[in-house]
Amino acid sequence: MQLGDPVDRIKGVGPRMQEKLARLGIDTVGGLLMHFPRDYRSYGRPLAASDKSMDDDSPCAYLIRLTRPASIISRGRMQIVTTSVPAGGSNLQIIWYNMPYLKKRLTPGRNLILYGKIIHKGSRRILEHPDIFEENAYAQISDSLQPVYSLTQGITQNFMKKAAASILADLDLSSDHIPEDIRKRYQLAEYNFALRQIHFPENAAALAQARSRLAFDEFFLFILSVRLLSRDTAKAANHFKLREDVNADSFIASLPYKLTSAQMRAFRETDADMRSDHVMNRLIQGDVGSGKTIVAALALMEAALSGYQCCLMAPTDVLARQHFEKFSSIFSQMDIRVLLLTGAMKASEKREAYKKIQSHEADIIIGTHALFQEKVVYDRLGLIVTDEQHRFGVRQRQLLSAKSSGGQPHVLVMSATPIPRTLAIVLYSDLDISIIDEKPQGRIPIKNCLVDTSYRQAAYRLMEKEVKAGHQVYIICPLISESDGIEAENVEDYSSMLRKKLDGRIRVGLLHGRMKADEKDRVMKDFSEKKIDVLVSTTVIEVGVDVPSATVMMIENCERFGLAQLHQLRGRVGRGSCQSYCIFMYGHGGKNVSRRLQIMVGTNDGFEIAAQDMKLRGPGDLFGVKQSGELAFHIADIFRDSAELMNAGQAASELLANDPDLSLPEHALLRDRVKEEGSLIL
């Protein structure tokens, strides 16, 4: 069995299971092996049902004796299995969702160990959807760390564990692609050890070693890929110099607002790059709402007035359309023609766009991935701008660059992810970096609050008040629909509930990732046109449209999100001239992470949040979902694993200094992995 083999090579994977795994993005043996656990459960000594020391805290095991038969309650399509046991003068209610077959197993007189979390609802103590173990079965996993995987419907934790074990048993992992001298210098575990321990850790120390090695691995391969791909173009000659008579000074003076000194500094750097002897490769890094777009507009304007075509690539159709409308307005009084090209356009519209691009009847083309499709032929493409750098890899930028005739075009990428400069230099090693670290004048700071669910009614009153004033509201839920065993709000049920709860005149919409692209675009367009007052959504709006009238953001179960993501979500409000509010609402157990969440309340500065978050994280912070999500890493996180990122950057520099092409025989395995990983992550 090889990592690149199709997933049906794994024992127990037939056509139907193949389809289910595809929903998780798994289609190869390696893909399943790299589907790392999102968490681990520690199975300690079982407590008595009457023990209240762990209520509303971490999940744990409870030894119970069933005294009464279980019953089934039907609520619509949902079947709830419920029973209760005596627990120190009261009853502990136990509930399972959509598992009616458990009723036969829950017979009076049996001793069972249930693993889950007890919560309080009024005076009731409830153990919701716990795992069930016989006493002897529990003894076999007691005092161990058991993996917990992200799943989809039809795939169980047991299947994922068996599949991972099957791969590890059959795969030859004896050879390590990272050279031994690098492993020793940075005290890295062997690859074989790391893969086995990340899925089935012997203990917390072994898991820490495995995480560290695999995080280093991903950073190391990514950095090598970026540097090898960009090596030949880093100092390419500038064939698209700005005309001497073209400058943006008069346009800047005509703006109805004054640019910040940080914006002016970033613009002067891009302007100097495009007038120099070498092609520009620059990253503009700025917090949400810092004004990166106007800097990009100035660069696009100068390039277009110098006679070159330019394009701006956005991550979504909706955002591309909004950029198109904004740039069309900005350049309406100038001899600059702006054109839109997205995958959602009709075939006839695309054909017309292709003609205008090829004949240079369009100066600035704004779109999505459609910009580098084969049918698009540019005329003197001199500048490429990409919005949200982490959505477009180096290879995609190069594909677009290859469409330019007459030389390599300038590249300007924008990112709103507040990465500390020391890390950004390593991660974006192929780019020069400009940082916009000031907010435009006149922006009113967002008011933040961190509350539990008891504040929900007050939050609804605030929403009704804001909608009545002509404003709009976002509500973020972590789930799309109800999920067995995950206690968190979901978009579908929440939006239905909200329509009944709020004033009947308030229009509630919903948005999530399972919707078709055109349906998502329609919802966001309706929201931006104020046809929806309250939008209940998953994190798909993290990179969304600019809606100045949105003044309230409420994030349910905020403890389930990383700080970087919370900050990106909060950036959807506070974009207009009115006071905006962000309500971070934590669910059961959320109080245990309030120290981290208090960072969000204390500042609206993304760079400060990133710095504080890094201080709070330590080498023992092993569990939970990745926090940042900037790049397509399986396990590495640029904040949590900042030490591994710095080490990987140093190791890559040392290696390439001695072997620039990875052509030495001892680097053959590494060269193959760089090619393999580069095609996936760039």
Side-chain angles (χ1 to χ4, degrees), residues 73-80 97-98 121-122 128 153 318 449 451-484 486-542 544-545 547-558 560-561 566 569-570 572-573 576 578 580-588 590:
I73 302 170
S74 295
R75 290 183 182 169
R77 290 183 296 174
M78 182 182 294
Q79 290 185 299
I80 301 173
Y97 301 103
N98 289 329
K121 290 187 177 179
E128 285 194 326
Q153 190 172 10
V318 174
C449 63
V451 296
D452 62 23
T453 53
S454 65
Y455 186 82
R456 194 173 275 145
Q457 298 307 315
Y460 294 157
R461 289 195 296 273
L462 172 65
M463 292 174 194
E464 290 179 328
K465 177 184 173 184
E466 288 295 302
V467 170
K468 189 176 180 180
H471 303 148
Q472 293 168 280
V473 176
Y474 292 102
I475 297 178
I476 306 302
C477 298
L479 302 177
I480 294 175
S481 54
E482 188 166 37
S483 176
D484 291 348
I486 301 179
E487 187 190 349
E489 300 297 339
N490 71 84
V491 167
E492 293 177 347
D493 290 344
Y494 203 105
S495 56
S496 297
M497 175 274 294
L498 214 56
R499 290 186 183 101
K500 300 172 185 174
K501 184 76 67 175
L502 298 180
D503 185 313
R505 292 167 292 184
I506 292 177
R507 298 160 297 180
V508 178
L510 76 158
L511 181 69
H512 56 73
R514 286 187 200 152
M515 296 166 70
K516 293 179 179 178
D518 58 346
E519 195 177 358
K520 284 189 283 190
D521 288 347
R522 179 185 55 76
V523 172
M524 283 307 303
K525 187 170 182 290
D526 286 349
F527 189 67
S528 63
E529 294 177 354
K530 300 189 76 170
K531 295 176 183 176
I532 293 174
D533 301 307
V534 178
L535 181 60
V536 183
S537 174
T538 58
T539 58
V540 294
I541 58 99
E542 181 183 355
V545 296
V547 183
S549 58
T551 57
V552 179
M553 163 73 69
M554 185 164 81
I555 304 173
E556 291 277 1
N557 302 106
C558 62
R560 300 184 67 86
F561 301 99
L566 289 174
L569 291 167
R570 175 170 59 185
R572 295 300 101 211
V573 297
C578 297
S580 291
Y581 308 87
C582 188
I583 303 164
F584 300 100
M585 185 167 290
Y586 59 83
H588 296 291

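Being a predicted model, the structure only gives us computed values, none of them experimental.
Taken to the nearest 0.5 Å, the CE atom of M463 stands 13.5 Å off from the OH atom of Y474. Put simply, CG on L535 and CG on D526 are 10.0 Å apart, with the number rounded to the nearest 0.5 Å. Taking CD1 of I532 as the start and CD of Q472 as the end, the distance is 8.5 Å to the nearest 0.5 Å. If you take OG on S537 and CD1 on I475, they are separated by 10.5 Å, rounding to the nearest 0.5 Å. Going from atom OH of Y455 over to atom CZ of R461 covers 8.5 Å, rounded to the nearest 0.5 Å. Taking CD1 of I73 as the reference point, atom OH of Y97 lies at 10.5 Å (rounded to 0.5 Å).
Using a 4.5 Å cut-off on side-chain heavy atoms (C-beta onward), E489 and M585 make no contact. The shortest distance between side-chain heavy atoms of S528 and V547 falls below 4.5 Å. Residues F527 and L511 form no side-chain contact, since every pair of their non-hydrogen atoms from C-beta on lies 4.5 Å or further apart. Residues H471 and V552 fail the side-chain proximity criterion, which asks for heavy atoms closer than 4.5 Å. In this structure, the side chains of R507 and V467 stay at 4.5 Å or more apart for every pair of heavy atoms.
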Pair K525-D521, side chain to side chain contact (heavy atoms under 4.5 Å, CB included): steps then yes or no:
CA-CA 6 Å; K525 187 170 182 290; D521 288 347; over 6 Å; no
Determine, stepwise, if the pair C449 / I583 fulfils side chain to side chain contact (heavy atoms under 4.5 Å, CB included).
CA-CA 5 Å; C449 63; I583 303 164; 3.9 Å; yes
CA sep, side-chain torsions, deciding dist, call: M554, V473, side chain to side chain contact (heavy atoms under 4.5 Å, CB included)
CA-CA 8 Å; M554 185 164 81; V473 176; 5.8 Å; no
Check against side chain to side chain contact (heavy atoms under 4.5 Å, CB included), H512 and V540
CA-CA 6 Å; H512 56 73; V540 294; 5.6 Å; no
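Judged by distance alone, the side chain of R499 and the main-chain N or O of V508 form a donor-acceptor pair under 3.5 Å. Side-chain atoms of E464 never come within 3.5 Å of backbone atoms of L502 as a donor-acceptor pair (strictly under, hydrogens ignored). In this structure, N98 contributes its side chain and Q79 its backbone to a donor-acceptor pair below 3.5 Å.
Taking the six-membered ring where the residue is Trp, Y460 and Y494 present perpendicular rings, their angle passing 60° and hence far from 30°.
Among all heavy-atom pairs drawn from M553 and R572, the shortest one is CE-CB, 3.8 Å. Closest non-hydrogen pair, S580 versus A550, comes out as OG-O, 3.9 Å. Nearest heavy atoms, G470 versus S549: O-CB, 4.3 Å. Nearest heavy atom pair, residue E556 against residue P478, reads O-CD, 3.8 Å.
Annotation: K468, atom NZ; neighbour count of heavy atoms from other residues, nucleotides and ligands within 6.0 Å does not exceed 12.
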